[in-house]
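These notes are about the structure you will find just below.
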Amino acid sequence: MPAKGVTLYRQEQTQHQSSKHVVQHSRKSSSQVVKKKQVQASEAMAEQTYTVPTFRERAPEGMQEYQRMATHFGRDLVQLQQELHRMKVATKEQVKNIEITREVKGIMPLRKDYPVEVPKAPDFLISLRAHTVWEKTPVKLFCTVSGQPNPIVKWYRNNVAIEPLNAPGKYKIENKYGVHSLIISRCAVTDSGVYSAVATNPHGKATSKATVCVRRPLGGGELSHLPGQAPLLGIHPSKLEVTLLESFGVTFGTEGESVHLVANMVVVPDLPNLPPEAMWYRDDTLLMPSRWAEMSIGGGVAKLTLPHLNKDDEGLYTLRIWTKDGTAEHSAYLFVKDATPTVAGAPGAPMDVKVSDVNADYILVSWKPPNTTHEAPITGYFVDRRKSGTKDWVQCNDSPVKVCKLPVHGLSEGASYHFRVRAVNKDGISLPSRMSSGVTAAEVESDVEVIKIEGKYDIAIRQEELQGVYVTIPGPPTNVHATEINKTYIVLSWTPPSPRGRAPVWYLIEKCVGDSHVWQRVNTAVKLRSPRYPVYDTEDKKSYRFRVITVNKYGSSEPSEPTAPIQKVDPYGVPSAPGQVIASRNTKTSAFVQWEAPKHANNLMGYYVDACLVGSKKWFPCNHRPYKHTRFVVHGLVPGDTYVFRVQAVNAYGLSEESQESAPLFIDAALFGAVEYATPSAPYGISLLNCNGSSMTLAWKRPKNTGGSKITSYYLDKREAGSVDWKEVSPNPAVHRTFTVENLTSGVFYEFKVQAANLAGVGLPSEPSKAFACEAWTMAEPGPAHDISFWEVRDTSVLVQWKPPVYSGDCPITGYFVDMAKKGSSDFAAVNAEPIGHCYLKVAGLETGASYVFRVRAVNAKGVGKASDVSDPVCAKALPGTKEIACGVDEETGDIFLNFEACEVSETSKFTWSKSYKEITESSRVSITSSGRHSKLTFVNTEKEDLGVYSVAVTDTDGVSSSYSVNEEGQRLAACGLFMNVFGLVPLKTELNYEILEKGHVRFWVQALKLSSSVNYRFIVNDKAITSAEGYKISHDVERLLHCFHRNIMQHSCFQHKKKCFLIMFEDIINAIASIAGSSASDLVLQCTPEGIRLQCYMKYYTEEMKTSWFHRESKISSSEKMRIGGTSEMAWMQICEPTDKEKGHYTIEIHDGKKSHSRTFDLSGQVGYSVQMCYMNYLPSVDRGRVVGGLPDVVTIMEKKSLSLTCTVWGDPNPEVTWFKNEQEVVSDDRFKVTFEGGKFASLTINSMYIHEIPHPTKILLLLSWPPTQCKDWPSLTPACYRCESRVHREFSH
């Protein structure tokens, strides 16, 4: 080896030894150093190109020797260069091997520190889940697999491997963060199937399967247009650009109401005299302006008005507007429910009345049957007709027809008619259907042929003229057959004779039974001019033959050929029941229902879909007009409820049997398979809460879309401002929405982004935050509050909550200011003038429907801190169906509870109860139970410390929440001396409560913590102690309950227990009684009495203190001698003395319970009024059947605490029954009231110890004589008679 090469090699070895410490840092840095050193070694070892030195010139004689030596040394020089190159290459390889060996030796100790992985077969931590998606939308399937070594996941569809390269753009397979996913773009119906993910490694195999169902909206793609939607008929060019804005949605109406369907649009250019062309469709029928549909367009609004709704109007409405680029369309469904029938239980009205087979005196009317869910089955139909220009309807059939079509004959040729139909069941007759369009009865077949010549002249030629034969007597009809056969009638049809002659013809029909030749005339009194006729008078199970004879003024033809035997049967009957019904989620208020068609359709008209709330057993109709297809979207459902569905098929013979019920379906928004719905959306609103120079505390807002499952974690990334490389903040994700990022460099600006994760995987990252400077906060004021949220959103108020600042400043935080501004405005105004000490504030006085934004500023002794980020906007409008927390008392245990019913819930919803807006986790003082939409918080041992604001929130909803404050109650009770630690009295568990019992009695009770057997207590009413013998019943039991039963509660009653006072509001009790009485009130009934007639309304209980009003023809009635108003304990009545024609009309009783009124009406007019007068006239003789011989005194005055005794002598034949009344309430004999009737003559009433508070006004005592129905058999037209005798009792004070 040359000396120079050896020197360079040693120099390289020395440099390599000096760089030994660099190699030990990391594999990446070591590789870079090795590469650098190898380059340096190569450059150092590279030999410069050898240059032959210039020899001095030699003499010619020495030239030969020179050449010989030059050749010899040149050969040696080449060999030296080759050896030097070989040594260079060997040295490079040796250096490289030495460095790799040293690097491996340095890494091997580190690898020994890692634990040895245990081999494990594949296992699915998160399995695939089923998806239901619309056609042309994407779907993403997720799963998470564990195993050692890492498994390989292969995807299959219906056990066939999925190869993305075979369908470019169709499938995309990903593996991110350990989550394996398969994305199917633009799903087609053919993509439905069972998808499976198969994970394999050397230790085993695991499989997870899920079903993907791709639905086609309303049958899209199966027909040339969507079923029920408007077909595209022709092209209407337009030069206008039209953009639809807000349009009508799903609409609900009732028969008889009016509905407006409105769509707003932007038209460019907007020319007043040239509006765009708009077309309205119902299902696939183009609507035209008529008395049932009014259309208008202009001013950027297209409007369809249905002035008088009918079930014929139900369907899918489509607005199509022709634009420059084609059409702009919008569709929505209109539901029309039945109007209230005139008779309870009567069916709904039929619909879609059509007229066909029009002849000179014959028309066939058909219709569709109504749906019946809780009504009795339909037994038949009546068809009415009306001539155009008249108002009188004439019934066409004497008895109800059972099939939904009726041939109507006997019409006047040339007259126009309208038809309507009414349904009948055992309870009554329905309202009439919408009348059909007008139709003219006219002959459709004629022997006259009209020929046009050059389009100008008409030549009428009869058949006989063409044949050259003049006919006087017509020939027989031909082709006699039955066109309609059912169990009600048979419709015969035939072809008129040709030629028939110029004289008008008519037809005679004959019939015979079976094969007999005994012919009998059918239409003996009817002259038929049409080749159609319905035959009714045939017997069941018998076959008939028919023949027809043509007649004119010249004579009759020979009979036609007889028909084959015809029997009156129903050839089809109702359809069979539909097959399996499957319901799936659609939106928060709708469900998608599909079913299998019936095996025997039998001329199917459509389907009716019914729904039932699980547990209620009460079905209600989802559609009120037969729907043609086997899939339907049911709207108007309550979010959070669970329903089952059933389907019935419909044809002209009625409704089929109900299908089997679907599986219960929980109503909530569907989780469509699109990617953005499976994983959470991006978080937003990243803010800085604190910085100490080396760390930052961040907060952010939760994603607006959770993807249908709970968010489990958040992943944070960071980067320096200006850099493009993101770095993970921590290998462990954040669980909450605040996180402290450590190990930052002071003075550097950082940006952050956040990703949310749920069971489906990791969602999209947020937008990068603004650049935050890593500089320590040293200000004396607090930092910003964060996480502003809104609860208890109502029409005029909202509860604002927030979390306190992380940085409190130099001293503790003492309060908060809340600022408010309308959405879009930057003019914030302080809501509270003084700082509040807690992290919530109820803001009232908001404008209903307006949107507001809020911010919060913390306060300490040094001043007001930095304002929080502006909140998201909140709209001041309560959720539909919002309810508040209700407070009650358990009747069995006596414990106080707070009950809440949520207006909407989801499957993952939970009820969170809080006190003073701090969550109640574990407490021995309360117990919480939740089920479905209800949640109850029960106080175990109520004490003063339990006072406060209690609230409940429902997770995974749109902010469903409510609160209940017991602070005011506690202050009021404390003011009355309620608490034992103030007065040293018996500790009470509850305050005084009341409940309504039978017959209007009221039970007051209070529960104590402890009661001894020698307890002493008193109930005080209006500053006067009461006892059990004075219309009250007082007791206590081992449950530590004090009871007081009160019959006649007076206004402003104050019940006291020593110094413990409770104010019971009289109006609340009366309203509670009125609510129960009004709900149980029966219809008004008529009763004849000796004085006249009486209208009576029975109810659970009645008292004069209730707000009860009587009306006659909308005029309020005051009690008078002519019309007296009163009642008993279970009945309210109004007496009309000596009725005349002036008293006829409508009478109404209204019972008000403080919130709503309950009314019952009776029509005392017409035939009813006449019957009433006859009843009264027939009743007069009953007065002589009995009387009071020795009557009661007119007025009685009695001293307080004295007993009252009333006695009279009565007579009657037979002996009457005696009933006593006090203020129109029946007196029942007990310890205080003693009622006797001796010998059938002497009736007496004794009341022990009369008190002033019992007689707030003159008290009326009434004696009533009556005879039961069994004793009135001699007067069958009479109801039990009665005789009245009254006495009034005045009170007198004793001194």
Side-chain angles (χ1 to χ4, degrees), residues 680 682-703 711-723 726-757 762-763 765-789 800-819 838-840 854-872 917-919:
Y684 64 102
I686 302 175
S687 59
L688 179 62
L689 303 182
N690 189 20
C691 181
N692 61 8
S694 62
S695 66
M696 290 183 180
T697 301
L698 305 175
W700 55 90
K701 297 179 181 179
R702 71 175 69 250
I711 294 178
T712 57
S713 56
Y714 295 91
Y715 293 89
L716 280 78
D717 295 331
K718 68 178 179 180
R719 71 180 179 187
E720 294 184 5
S723 175
W726 290 95
K727 297 181 180 179
E728 192 176 35
V729 168
S730 172
N732 298 321
V735 179
H736 305 288
R737 286 184 292 110
T738 56
F739 191 81
T740 301
V741 182
E742 306 285 353
N743 302 322
L744 301 179
T745 302
S746 179
V748 177
F749 284 81
Y750 290 92
E751 296 176 351
F752 302 90
K753 68 178 182 180
V754 186
Q755 289 174 275
V762 180
S766 66
E767 292 293 330
S769 69
K770 62 182 181 181
F772 298 125
C774 186
E775 297 177 352
W777 287 10
T778 59
M779 63 273 199
E781 298 81 9
H786 65 285
D787 197 14
I788 299 177
S789 59
V800 185
Q801 277 188 275
W802 60 89
K803 291 183 179 178
V806 175
Y807 179 79
S808 59
D810 288 349
C811 50
I813 296 173
T814 58
Y816 300 91
F817 284 109
V818 178
D819 302 331
H838 43 73
C839 294
Y840 60 89
F854 294 85
R855 68 184 185 188
V856 179
R857 295 171 293 151
V859 182
N860 64 6
K862 300 296 184 179
V864 180
K866 179 182 178 181
S868 67
D869 287 348
V870 177
S871 70
D872 292 334
Y917 297 98
K918 293 182 180 179
E919 183 178 354

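No hydrogens, no waters, no symmetry mates; every other heavy atom, side chains included, goes into these values.
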>> With heavy-atom distances below 4.5 Å as the criterion, would you say the side chains of H838 and Y917 are in contact?
In response: no

>> Between W777 and L688, is the side-chain contact (heavy atoms from CB on, under 4.5 Å) condition met? List the steps.
In response: CA-CA 11 Å; W777 287 10; L688 179 62; 3.8 Å; yes

>> Once rounded to the nearest 0.5 Å, what's the spacing between atom OH of Y750 and atom OG of S723?
In response: 11.0 Å

> Are Y714 and W700 close enough that their ring centres sit under 6.0 Å apart?
Replying inline: yes

> Taking all non-hydrogen atoms of both residues, which atom of G863 and which atom of P782 are closest, and how far apart?
Replying inline: O-CD, 3.9 Å

> So which pairs with a foot in residues 859-872 pass salt bridge (charged side-chain N to carboxylate O under 4.0 Å, His left out), sequence neighbours left out?
Replying inline: K701-D872

> If you round to the nearest 0.5 Å, how far is NZ of K753 from CD of E751?
Replying inline: 11.0 Å

>> Between I686 and S766, is there a side-chain heavy-atom distance shorter than 4.5 Å?
In response: yes

> So, N860 side chain and A780 main chain: donor-acceptor pair closer than 3.5 Å or not?
Replying inline: yes

>> Just to verify, what does K803 make a side-chain hydrogen bond (donor to acceptor under 3.5 Å, both in side chains) with, not counting sequence neighbours?
In response: D787

> Of all heavy-atom pairs between H786 and P804, which one has the smallest distance, and what is that distance?
Replying inline: CE1-O, 3.3 Å

> Mind checking whether P765 and Y715 have side chains closer than 4.5 Å, heavy atoms only?
Replying inline: no

> Just wondering, do P768 and R719 contact through their side chains at under 4.5 Å, heavy atoms?
Replying inline: yes

> Is there a donor-acceptor pair under 3.5 Å between the side chain of E781 and the backbone N or O of V864?
Replying inline: no

> Is S808 reaching over with its side chain to a backbone N or O of I813, donor-acceptor style, under 3.5 angstrom?
Replying inline: no

> Aromatic ring centroids of F854 and W802 under 6.0 Å?
Replying inline: no

> Does any N or O in the side chain of Y807 come within less than 3.5 Å of the main-chain N or O of N692, such that one atom is a donor and the other an acceptor?
Replying inline: no

> By ring pair (Phe, Tyr, Trp, His ring centres under 6.0 Å), which residues pair with F739, not counting sequence neighbours?
Replying inline: none

>> Taking CZ in R702 as the centre, count heavy atoms belonging to other residues, nucleotides or ligands within less than 6.0 Å. Is the count above 12?
In response: no

>> Closer than 3.5 angstrom, by distance alone: can the side chain of S713 be matched with the main-chain N or O of A757 as a donor-acceptor pair?
In response: no

> Which atom names give the shortest non-hydrogen contact between P703 and P680, and what distance separates them?
Replying inline: CG-CB, 4.3 Å

>> So, applying side-chain contact (heavy atoms from CB on, under 4.5 Å) with L698, which one of T740, L716, L689, V806 is it?
In response: L716

> Can you tell if the side chain of P805 reaches within under 4.5 Å of the side chain of Y816, non-hydrogen atoms only?
Replying inline: yes

>> To the nearest 0.5 Å, what is the distance between CG on D819 and CZ on R857?
In response: 4.0 Å

>> On a heavy-atom basis, which atom in C774 and which in G693 lie closest, and how many Å separate them?
In response: SG-O, 3.2 Å

> Which atoms form the tightest heavy-atom contact between D810 and M779, and what is the distance?
Replying inline: OD1-O, 4.1 Å

> How many angstroms lie between CG in D717 and NZ in K727, if you round to the nearest 0.5 Å?
Replying inline: 12.0 Å

